[in-house]
Structure formats: C-alpha cells, structure tokens
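Below is one structure; the comments refer to it alone.
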Number of protein chains: 2
Amino acid sequence: MVKIGEIAKRLGVSTDTLRYYEKQGILASSGRSESGYRLYTEQDIAQLAFVIRAKDVGFTLNEIKELLAIKVDKQSHSCEQVKQFTSEKISQVERKITEMNAILNSLKLLHKSCCGGDEPAIHCSILSALEVQNDAS
Amino acid sequence: MVKIGEIAKRLGVSTDTLRYYEKQGILASSGRSESGYRLYTEQDIAQLAFVIRAKDVGFTLNEIKELLAIKVDKQSHSCEQVKQFTSEKISQVERKITEMNAILNSLKLLHKSCCGGDEPAIHCSILSALEVQNDAS
DNA sequence: ATAAACCCTAGAGTTAACTCCAAAGTCAAA
DNA sequence: TTTGACTTTGGAGTTAACTCTAGGGTTTAT
Ligand SMILES: [Zn+2]
Ligand SMILES: [Zn+2]
Ligand SMILES: [Zn+2]
Ligand SMILES: [Zn+2]
C-alpha cells in the first residue's frame, strides 16, 4: 500500500491527475489510511499503467473506462456479453493499428525517397511520396 | 476545385472544422472563387485524409503540423535534416504501434480466457488476464 | 425573382483532460 | 518541537479542438 505521491512518481503522472482519475471513475485507490490518505496496491499501479498506455495511443478516458468496465462489470454481465464486447474493442484497436501502419508507410516512403545529402531539400520527391500514400488509403 | 461543403461531406468533417484547420495552419484551400469561396483541389483532399487518419490514431494537431512541415519546409531545409526528422517520426510511430499491440494483446487474452456462455461472467478469469498483461509491459 | 441552400467573417461557447490554488491536517527528521 | 514535505478537499483556471451564433453575401432551383 503506497501513497499517492509514490505511485505518481513511479508512473510519471501528477497527484492531481490521480485524484482526477478517481473522480472520473478511472482509478480509485484501494483504501485510505487512518488519516484519510489514499493508499494504492500494486494492482492499482498495474491498472494505471494500462490507462497510461491506452491514453498514449489515443484512447479517450471514456474509451478507457469502457475497456476497464469489462473488468468491473463482470458480476452483472454474462460471459456472452463480455466476449461480444471484447470482440468489438479488438476490431477497434485493430483498425487503429492499420491506420497507424498506413501513416508509418507514408513516413517510410518519404524517408526512403530522400537522398539525405546536405543540399537543400527542394529536389527530393517527398511531396509526391506523401500524396501517393494518401491516395492509396 | 470543389467548395468547402463538398470536401467536408466527402471526408466527414464539418465546414467549421475545415476553417479551423486553415486558421491553425493545418490545411489551407488552394484558392478562392470570385466571390471569396474557398476552393480545394484533390491534393488538398488527400492531405485532409492524411490529417484525419493521423488524428484518429491519436496525434495532436500540433504533431500533425510537424508531420506536414516535412512537406512545407522543404525549400528551407537540407535533405539531411529531412531524413533525420522523418527518422524520429518513424520511431515515434513505431513506439505507438508497439503500445497499441500491447493493448491488443491484453484484449485478446481477455477474449480468449472467456468462455462466452450465457451464465454470469463472475467465474471467468478476465481480471487476471488484464493484470498479467499489464505486469508484462 | 424569390426562396432554399450554400458561403463568408469574427467572435463566443463547449468539452475533455488536466492543472493550479487555498486552507488545512499529517508525518518524519533534526 | 518545529520545520518541511507530504496529504486532504473544493473549486477555479487552462489548453486543445472543436462547435455554434450572428449578420451578412452568393448560387441554384422553381
Ligand atoms: Zn531529400
Ligand atoms: Zn536530396
Ligand atoms: Zn467469461
Ligand atoms: Zn464463462
């Protein structure tokens, strides 16, 4: 059971952010000390790591809440529903990865088509590289 | 040369958003009609498609501006700088894809570990699936 | 030729996700 | 035992990315 400052420091977020996440139902502390300090477990830290990773790749807090709801709501839902829901989320993430790869390809094409010399970049075909890739979406 | 409403409709954004992107230096129209209407080319549309895709996967407008700057600034920078910059962006995108895959694995594990039956989901090991994955980040 | 549907600008309002602040209680070390 | 670093709450302020409004001009269809 660690205090808020510790977990904040370990995962590189502010204590304000952690209190905000609690208010938003993203991550509550597992308990409080005698004096009312928030106390977090290692599991809480693991969950926060998940939240941060999801946020980093562009999920909103609401989407993250949905992802976490799979865990929270398991008492009130059937396995069938859980399976259905995770299926949807999986295709959503797969779509994002596909788009990400399209962007990566744009950049790689661009990188390849540039000679890398020290002359001004006017002559290199970067512009067309970007557009060709865009057309082929 | 199409008007703002047409491009907005075709790519599923509002005309307000397009005017906002112009103000932010993300995407200007290629010209104006006699009466001052914005006119866009197919290239503009391709660029907007790129912007939308980048936005969808979690890039901020400022990051997108950086990506587009590769194209815009080519007069004032050397090929060496361009190559350097695209390299950085490529690793940034690759990192994002890696994180995305970690999340995808969490979800897949979760999906696999659920029986999918119509009984309440209490018994299934979803919780641990999420946390195991988080620990292994 | 006139109504509907489009476009313009400038600027105000909104939402998400923080971030900061004030006023006060708690805890560890010197 | 007192200083300083922590914690609490409630609420105000900020930033990004829209979104809307007002008040006007333009284009198109009937
Ligand atoms: Zn080049
Ligand atoms: Zn070159
Ligand atoms: Zn199950
Ligand atoms: Zn089951």
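Just so it is clear, the values below take in all heavy atoms, side chains as well, and ignore hydrogens, waters and symmetry mates. Per chain, numbering begins at 1; letters A, B, ... match sequence-line order. What you are looking at is a predicted structure, and each value in this text was computed from that prediction instead of being measured.
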According to salt bridge (charged side-chain N to carboxylate O under 4.0 Å, His left out), who are the partners of [X], at least two apart in sequence or on a separate chain?
X       : answer
B:Glu6  : B:Arg10
B:Glu66 : B:Lys89
B:Asp16 : B:Arg19
B:Lys55 : none

_Categorize A:Ser14 for me: base, sugar-phosphate, or nothing, with a 4.0 angstrom heavy-atom threshold over every strand shown._
nothing

*Under 4.5 Å between side-chain heavy atoms, chaining through other members, with only Ile, Leu, Val, Met, Phe, Trp and Tyr counted: pull out the rest of the cluster around A:Tyr37, sorted by chain and number.*
none

_Please list, in numerical order, the residues of residues 15-26 of chain B that have a heavy atom closer than 4.0 Å to any atom of DNA chain D._
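Here the set is B:Asp16, B:Thr17, B:Tyr20, B:Tyr21.
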
*Which residues, if any, of residues 30-38 of chain A bring a heavy atom under 4.0 Å of DNA chain D?*
A:Arg32, A:Gly36, A:Tyr37, A:Arg38

_Going by the rule side chain to side chain donor-acceptor pair (under 3.5 Å), which residues pair with A:Ser29 if we only count those two or more places apart in sequence or in a different chain?_
none

*Please name all residues satisfying side chain to side chain donor-acceptor pair (under 3.5 Å) with A:Glu94, sequence neighbours left out, ordered by chain then number.*
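Checked A:Glu94 against side chain to side chain donor-acceptor pair (under 3.5 Å); zero matches.
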
*State whether a side-chain donor-acceptor pair under 3.5 Å links B:Asp118 with A:Ser78.*
no

*Does a side chain donor of either A:Glu88 or A:Gln84 reach within less than 3.5 Å of an acceptor in the other side chain?*
yes

*Between A:Arg53 and B:Met100, is any pair of side-chain heavy atoms under 4.5 Å apart?*
no

How many Å lie between [atom1] on [X] and [atom2] on [N], as a whole number?
X       : N      : atom1 : atom2 : value
B:Glu6  : C:dA5  : CD    : P     : 17 Å
B:Leu48 : D:dC18 : CG    : P     : 11 Å
B:Lys9  : C:dC7  : NZ    : P     : 10 Å
A:Leu61 : C:dA17 : CG    : P     : 4 Å
B:Leu39 : C:dC8  : CG    : C1'   : 13 Å
A:Glu63 : C:dA16 : CD    : P     : 12 Å

*Who pairs with A:Thr98 by side chain to side chain contact (heavy atoms under 4.5 Å, CB included), at least two apart in sequence or on another chain?*
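Side chain to side chain contact (heavy atoms under 4.5 Å, CB included) check on A:Thr98 returns nothing, list empty.
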
_Distance-minimising heavy-atom pair for A:Glu63 and A:Gln92_ = OE2-NE2, 3.6 Å

Would you tabulate the nitrogen or oxygen pairs shorter than 3.5 Å linking the protein to nucleotides 28-30 of chain C?
none

*Taking NZ, NE, NH1 and NH2 as the nitrogens, is one of them in B:Lys96 or A:Glu99 under 4.0 Å from a carboxylate oxygen of the other?*
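Salt bridge between B:Lys96 and A:Glu99, a charged N being under 4.0 Å from a carboxylate O: no.
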
_Between the opening five pairs and the closing five pairs of the helix from C:dA1-D:dT30 to C:dA30-D:dT1, how far apart are the helix axes, to 10°?_
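Computed from the C1' atoms at both ends, the axes differ by 10°.
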
